[in-house]
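Following this message is one structure expressed as structure tokens.
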Amino acid sequence: MADAVKVNPAEVGEEPADEFHAPERGSADELMGAEIGDPLDPMRHSAAHVMAEAVLELFPDARLGIGPAIEGGFYYDFELRRALTPDDLSRIEERMAASVAADHRFVRDEMPHEEGRRFFEERGQPYKVEIIDDLAKVARDGGREPARVSTFQHGPFIDLCRGPHVESTARIGPFKLLTVAGAYWRGREDRPMLQRIYGTVWSTQEELDLYLWRRQEAKRRDHRRLGVQLDLFSFHDVSPGSAFWHPKGQRLWRTLESAMREVQERRGYQEISTPILVHRKLWQQSGHWDLYAENMFRVEAEGQTFSLKPMNCPESTYIYRSRVRSYRELPLRFNEYGRLHRNERSGTLSGLTRVRQFVQDDAHVYVRPDQLGEEIEALLGEVREAYGWFGLEPRFAFATKPDKALGDPALWEKAEGLIREALDRARANYVVKPKDGTFYAPKIDIYIDDALGREWQMATIQVDLVMLPERFDLTYIDESGRSARPIAIHRAIYGSLERFIGILVEHFAGAFPFWCAPVQAVVIPIADRHNEAARELAAVIRSRGVRVEVDDSSSRMQNKIRLAQEQKVPYMLVLGDREIGARTAAPRTRAGEQQEPVSWDELADRLARESVERRPDR
RNA sequence: GCCGGCGUAGCUCAGCGGUAGAGCAGCUGUUUCGUAAACAGCAGGUCCUCGGUUCGAAUCCGAGCGUCGGCUCCA
């Protein structure tokens, strides 16, 4: 689903899941506790049945997998002799429409377990038989007899199903089949690959149209498309999964980075930089070599094995331990814009949102246990401040101790209490995800909704009680002269800069807020004789730190404006005889608003001021 | 990694067995213009790579690479 945005924890921050970035299950939506079933689910699931009916008509020997309702629609998995084509989808749609028009009732029936098994076996449906067997096994393992299996029939089609359904096929609203994709049976790579057909269905035509429009709009805003159009970055097969940053993209990057640095300097962070190429013994000590090896790029040199670092944290401990630390030094806040490499599987790479090489606005904060609550609250403030620059509303999810966790349970309990208090004090909008923390840290994940209502997991704050402190034996000398264990907080607020920029491009459809736009203003001389004055004006503005360009090409003014509009430049400053005579300029905004002429100095002042304000709405 | 689609000029795409096309962008010239496209000309391509079929391959077949949609939702 284009709209069911996937969480990519591996790039969001540090150590998302247990066992070092094991892929996390569940869409962000689900994680946010939105599992309350959609009222449209019965209809969506019913549509899946109707689709299966249609597929069976066209391919009588099709084997059926499962066909649940999902956000926005439904899918059904099939095993077929040949690959489906777009043409097949239209034919399936037609048959579905016929079934809806026929208004078949959905009729529930049930039969004893054995009979159900035989029923589907006779119909050549091994996947259904497997499900029935599994249900029986679960029951027997629980010391119960296998329950009767239930089926639903509409028209000629009978499917193993627990329901619920709508009354009859006529209740199924406007629908459309979207795509066909490969999907492993039960999501397991050692099982057969089935063909999955995705469809969407809604109560009204308007809702369906809106959904399809949003898909179109998402395509239009796709950062991979806009990245080329706006000349921000490109990808090349010589380094799959890694962006080449063009001058404009790099300018955007640096603007975001310096904004974050400014916050960090204000908050007492100290920036560090650690090597990218690191001997494997470090990764053996951190545990990555055992648990994360397949995601690390290895480098052999002079008989030694190194790896490109997939994260910064272990190395930051070397700086921590470079001398004895006093309780007076804590909190010790090390930030690092380190370049990381993770060997993501080739099939999962995607634009800036799933890459092999990226940079995090990473930091590790070492605190005494008594400082934890205050630090968390401050970090929540950082998140709010940074997201405010883009008009994004962060939502928080607090993930607590999983069953399998390392470390002192009392410490866990205390840390969780402090995190919860900090969230409450900060009046944060949060949900609790019980037992969803990592095995060494409770954490706070941060989500936003973008302009299209899509949910993205962004930042993460992890309160590491065990990993860095224990494994790397971090200590400080406390007030009484004894050695004590600090707590390490991993935090990344943008997450990966690559991914963050990708999301920003889509959120703003390329029209970045004035303060971070790669080109903030274009001076447009009307005729050649205005070029010199245009360069003069640009120099005045540029001297105030505003990113301005002059379009002194031989095009007509209209064309220069069009070009600037396409590039989503916030301000166009048209300069002709009238303006030059009065040393003024009349700004035109990319929204098409024609502003009053102002003097050059005043204009430069205003732009410089707006640039510093970092408002999301300019 | 696996399944399926796609890979032709910088970009968007047409051509789908007889030796390559359009629009935009680029370059040159003319134009010097008042708020979203001035006009004309020119130039531009190992048709992703390698191998095969064929008298002949961008076009058909195979492999590789890249890219896109997916591979969690458990009757």
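Chain identifiers are assigned alphabetically (A, B, ...) following the order of the sequence lines, protein sequences preceding nucleic acid strands; residue numbering begins at 1 within each chain.
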Next on the checklist: Using a heavy-atom cut-off of 4.0 Å across all strands, would you classify A:G347 as base, sugar-phosphate, or nothing?
Outcome noted: base
Checklist outcome for this item: Rounded to whole Å, the CG-C1' distance (A:D87 to B:rG4) equals 16 Å
Checklist entry - What distance, rounded to whole Å, do you find between the two C1' atoms, one in B:rC42 and one in B:rG5? => result 38 Å
Item to check | Atom C1', compared across B:rU12 and B:rC6: separation rounded to whole Å | outcome: 15 Å
Next on the checklist: Is the distance from the ring center of A:F152 to that of A:F106 below 6.0 Å?
Outcome noted: no
Checklist entry - Where the side chain of A:R186 is concerned, which of B:rC74, B:rG34, B:rC73 is the nearest nucleotide? => result B:rC74
Checklist outcome for this item: Residues passing the side-chain contact (heavy atoms from CB on, under 4.5 Å) test with A:D88, sequence neighbours excluded, are A:F59, A:R82, A:L84, A:T85, A:R91
Next on the checklist: Taking B:rG29 as the reference, what is the distance to B:rG66 when you measure between their P atoms (whole Å, please)?
Outcome noted: 44 Å
Checklist entry - NA contact type, A:L349, heavy-atom cut-off 4.0 Å: base, sugar-phosphate, or nothing? => result sugar-phosphate
Next on the checklist: Give me the distance, rounded to whole Å, that separates B:rG21 from B:rG26 when you measure between the P atoms they each carry.
Outcome noted: 23 Å
Checklist entry - B:rC73 P sits how many Å from A:R44 CZ, rounded? => result 17 Å
Next on the checklist: Give the residues of residues 219-231 of chain A touching RNA chain B, defined as any heavy atom closer than 4.0 Å, sorted by residue number.
Outcome noted: A:R224
Checklist entry - Listed by chain and number, what are the side-chain hydrogen bond (donor to acceptor under 3.5 Å, both in side chains) partners of A:R556, not counting sequence neighbours? => result none
Item to check | Rounded distance (Å) that lies between atom P of B:rG4 and atom CD1 of A:I197 | outcome: 15 Å
Next on the checklist: Any donor-acceptor pair under 3.5 Å linking the side-chain atoms of A:D450 with those of A:W456?
Outcome noted: yes
Checklist entry - Just by distance, do the side chain of A:T348 and the backbone of A:E344 share a donor-acceptor pair under 3.5 Å? => result no
Checklist entry - Does A:Y198 put a side-chain nitrogen or oxygen below 4.0 Å from OP1 or OP2 of B:rC73? => result no
Checklist entry - If you look at every strand shown and take non-hydrogen atoms under 4.0 Å, does A:R345 touch a base, only sugar-phosphate, or nothing? => result base
Checklist entry - Are OP1 or OP2 of B:rC3 and a side-chain N or O of A:Y184 less than 4.0 angstrom apart? => result no
Item to check | Any residue meeting side-chain contact (heavy atoms from CB on, under 4.5 Å) with A:D552, in chain and number order, not counting sequence neighbours | outcome: A:N531, A:R535, A:V550
Item to check | A:D159: which of A:H154, A:K128, A:Q153, A:Q125 passes side-chain hydrogen bond (donor to acceptor under 3.5 Å, both in side chains) | outcome: A:K128
Item to check | Rounded distance in Å - CZ (A:R191) to P (B:rC3) | outcome: 17 Å
Next on the checklist: So A:V228 and A:F233, do their side chains get closer than 4.5 Å, heavy atoms only?
Outcome noted: no
Next on the checklist: Measuring only the P atom in each nucleotide, how far is B:rC65 from B:rU49? A whole number of Å is fine.
Outcome noted: 16 Å
Item to check | Pairwise C1' distance, B:rU67 and B:rC27 [rounded to whole Å] | outcome: 31 Å
Item to check | Nearest-nucleotide comparison on RNA chain B, the residue closer to the 5′ end among A:L194 and A:A69 | outcome: A:L194
Item to check | Span that lies between the C1' atom of B:rG69 and that of B:rG41, in whole angstrom | outcome: 44 Å
Next on the checklist: Work out how far the C1' atom of B:rC24 is from that of B:rG4, and round it to whole angstrom.
Outcome noted: 32 Å
Checklist entry - When the distance from OH of A:Y75 to P of B:rC74 is rounded to whole Å, what number comes out? => result 8 Å
Checklist entry - Is A:G116 touching bases, backbone alone, or none of the nucleic acid, heavy atoms closer than 4.0 Å? => result nothing
Checklist entry - Counting any heavy atom closer than 4.0 Å, what does A:D577 reach on the DNA or RNA strands: base, sugar-phosphate only, or nothing? => result base
Next on the checklist: If the condition is side-chain contact (heavy atoms from CB on, under 4.5 Å), which residues does A:V149 pass it with, not counting sequence neighbours?
Outcome noted: A:M111, A:I132, A:L160
Checklist entry - Any side-chain N or O of A:R529 under 4.0 Å from OP1/OP2 of B:rC33? => result yes
Checklist entry - Between B:rG69, B:rG66, B:rC73, which nucleotide has the shortest distance from any of its atoms to the side chain of A:A181? => result B:rG69
Next on the checklist: Atom CD of residue position A:Q594 - does it have more than 12 heavy atoms of other residues, nucleotides or ligands inside 6.0 Å?
Outcome noted: yes
Next on the checklist: Closest approach to the side chain of A:P240, judged atom by atom: which nucleotide of B:rC73, B:rG70, B:rU67 is it?
Outcome noted: B:rU67
Item to check | Value in whole Å for how far the P atom of B:rG7 lies from CZ of A:F235 | outcome: 21 Å
Checklist entry - Can you give one letter per nucleotide of nucleotides 35-48 of chain B, going 5' to 3': B for a protein heavy atom under 4.0 Å from the base, S for sugar-phosphate only, - for none? => result BBBB----------
Next on the checklist: Please check if the number of heavy atoms outside A:K176 that lie under 6.0 Å from its NZ is greater than 12.
Outcome noted: no
Checklist outcome for this item: Between A:D528 and A:A183, whichever has its closest RNA chain B nucleotide further toward 5' is A:D528
Checklist entry - Using a cut-off of 4.0 Å on non-hydrogen atoms, how would the nucleic acid contact of A:T348 be classed: base, sugar-phosphate, or nothing? => result base
